[in-house]
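Being a predicted model, the structure only gives us computed values, none of them experimental. Both backbone and side-chain heavy atoms feed into the values below; hydrogens, waters and symmetry mates do not. Counting starts at 1 for both ligands and their atoms, in listed order. For reference, positions follow the sequence shown, starting with 1.
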Amino acid sequence: MKRGCNSRKRILVTGGAGFIGSHLCERLLAEGHDILCADNFYTGTRDNVVHLLGNPHFELLRHDITFPLYVEVDEIYNLACPASPVHYQNDPVQTTKTSVHGSINMLGLAKRVGAKILLASTSEVYGDPEVHPQKEDYWGRVNPIGPRACYDEGKRCAETLFFDYHRQMGLRIKVARIFNTYGPRMHPNDGRVVSNFIMQALGGEPITIYGDGQQTRSFCYVDDLVEGLVRLMNSDDSFTGPVNLGNPVEFTMLDLAQSILRHVGSGSELAFHPLPQDDPRQRCPDITLAGQVLGWRPVTGLDDGLARTVDYFRTRLCEQGI
Ligand SMILES: NC(=O)c1ccc[n+]([C@@H]2O[C@H](COP(=O)([O-])OP(=O)(O)OC[C@H]3O[C@@H](n4cnc5c(N)ncnc54)[C@H](O)[C@@H]3O)[C@@H](O)[C@H]2O)c1
């Protein structure tokens, strides 16, 4: 839906060349806004947004948000941060810096120009939870010195900063706690479970299952998640979140592996490996709040989403002649 000139907003998307960010840029452009996508290409690529480069309302800026940015915008979606353990543990100090220094820089920018700002936080702020499913008022159980801490504690500190800028300086903030999201443009080799299983199934390799495969996760299709982020940004100023965005339908890792094998039509075997340190047994959002305040819930079923994601990876492999 196109908007009139008066409602055209200038929107900064940090991490806009990443998986979720590229879908968000597409969506906001389609709504008729001017998009500035800032990314240091740490895990994102120009390829993810190459189809948007010809659009006069889209601008791509190579920028690391651990450094200040001086631009005029109305809204900021702060998504910049590596999201998979493989990537965020590769340079843990930079991961914490991106969440903490990056948030300080983006909040400073929002304060200077009076912009509304949204944080892409994560279900990982709940750590290895004692309660299921997790509501927003659960404070979490995070190991502050473990290998995942750079990400979990980085995001927790980012949330703290958002709320302190809100309380101390009256900034308009929105905090989304995103649960596992999947879809086209996920990284093929980042160790995240959906892309991992699909790549292994397409390659005819064994599917890696950690532990006994009975740990559960819920998976939200990227279009649904983007819808939730946009609704959150457009919600009343009095609503800050944090709000869970995810799909509450739980699957075990074994269920997921079997669905993917079916979609790919692969005969790959299952290979069981030891559970990594601090890997949560269960992860499931309670999305009651998102339903009440944003009127949001995921609408894409796992089968439908997996079919589109498998298509994407199949096409990519064909393009690369594999
Ligand atoms: N995908 C998920 O399941 C999931 C779940 C919870 C939270 N999130 C959050 O959503 C956001 C987007 O995740 P994603 O899955 O699209 O990951 P992604 O790695 O595809 O995207 C992150 C983007 O941020 C960029 N980036 C990283 N550090 C940067 C920096 N210092 N300056 C500028 N750009 C930087 C990367 O190059 C990349 O394009 C992240 O903040 C992540 O923590 C994602």
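An N or O contact shorter than 3.5 Å is missing between A38 and ligand 1 by distance. Considering backbone and side-chain atoms alike, F19 places an N or O below 3.5 Å from some N or O of ligand 1. Checked by distance only, ligand 1 and T122 stay at 3.5 Å or farther apart across all their nitrogen or oxygen atoms. At under 3.5 Å, not a single nitrogen or oxygen of A80, backbone or side chain, sits near a nitrogen or oxygen of ligand 1.
Remark: among candidates C81, S123, G18, C220, the nearest residue to atom 27 (C) of ligand 1 is C81, based on non-hydrogen atoms. Between the choices T66, I178, N105, the shortest heavy-atom distance to atom 4 (C) of ligand 1 belongs to I178.
Neither the backbone nor the side chain of K97 has a heavy atom within less than 4.0 Å of ligand 1. Residue contacts with ligand 1, taken as heavy atom pairs separated by less than 4.0 Å, do not involve S84 at all. Only the side chain of R192 comes within contact range of ligand 1, with a heavy atom under 4.0 Å; no backbone atom does.
Under 3.5 Å, the side chains of H87 and Q89 contain no donor-acceptor pair of N or O atoms. If you check the side chains of D190 and S195, you find a donor sitting under 3.5 Å from an acceptor. Of the N and O atoms on the side chains of H57 and R8, at least one donor lies less than 3.5 Å from an acceptor on the other residue. If you check the side chains of K135 and T288, you find no donor sitting under 3.5 Å from an acceptor. Remark: the H33 side chain and the E75 side chain contain no N/O donor-acceptor pair separated by less than 3.5 Å. Looking at H263 and D303, their side chains do bring a donor and an acceptor atom within 3.5 Å of each other.
When each atom of ligand 1 is checked for a heavy atom of S121 under 4.0 Å away, the hits are 7 (C). Less than 4.0 angstrom separates some heavy atom of G15 from each of these atoms of ligand 1: 23 (C), 24 (O), 25 (C), 39 (O). Short contacts between ligand 1 and N180, defined as distances under 4.0 Å to a heavy atom of the residue, involve ligand atoms 3 (O). Listed by number with element, the atoms of ligand 1 under 4.0 Å from a non-hydrogen atom of Y42 are 37 (O). Using a 4.0 Å cut-off to heavy atoms of Q94, the atoms of ligand 1 that qualify are 31 (N). Counting the atoms of ligand 1 from 1 in the order shown, those under 4.0 Å from a heavy atom of F41 are 37 (O). Below 4.0 Å from some heavy atom of G44 lie the following atoms of ligand 1, by number and element: 36 (C), 37 (O), 38 (C), 39 (O).
In this structure, R167 pairs ionically with D164, as a charged nitrogen and a carboxylate oxygen lie closer than 4.0 Å. Checked for salt-bridge contact, R185 and D47 miss the test: no charged N lies under 4.0 Å from a carboxylate O. A salt bridge between R10 and D74 is present, with a side-chain N of the basic residue lying under 4.0 Å from a carboxylate O of the acidic one. Using a cut-off of 4.0 Å between Lys/Arg side-chain N and Asp/Glu carboxylate O, R27 and E227 are scored as salt-bridged. By the 4.0 Å N-to-carboxylate-O rule, R62 lies too far from D39 to be salt-bridged with it. Salt-bridge formation is not detected for the pair R156/E124: no Lys NZ or Arg NE/NH1/NH2 atom is positioned less than 4.0 Å from an Asp or Glu carboxylate oxygen.
The protein atom (non-hydrogen) at minimum distance from atom 35 (C) of ligand 1 is N40 OD1, 3.0 Å. In terms of protein heavy-atom proximity, atom 37 (O) of ligand 1 is closest to D39 OD1, 2.6 Å. Here the protein heavy atom with the shortest distance to atom 33 (C) of ligand 1 is H63 O, 3.2 Å. Residue, atom and distance of the protein heavy atom nearest to atom 3 (O) of ligand 1 are T181 N, 2.8 Å. When hydrogens are left out, the protein atom nearest atom 38 (C) of ligand 1 is T43 OG1, 3.1 Å; that is the closest non-hydrogen contact. The protein non-hydrogen atom at the shortest distance from atom 42 (C) of ligand 1 is Y151 OH, 3.5 Å. The protein heavy-atom contact nearest to atom 13 (O) of ligand 1 is A83 CB, 3.7 Å. Protein heavy atom in closest approach to atom 40 (C) of ligand 1: L79 O, 3.1 Å.
Checked options E136, E159, Q134; the residue passing with R177 is E159 (criterion: side-chain hydrogen bond (donor to acceptor under 3.5 Å, both in side chains)).
P285 is not listed as a side-chain neighbour of S123, based on a closest heavy-atom distance of 4.5 Å or more.
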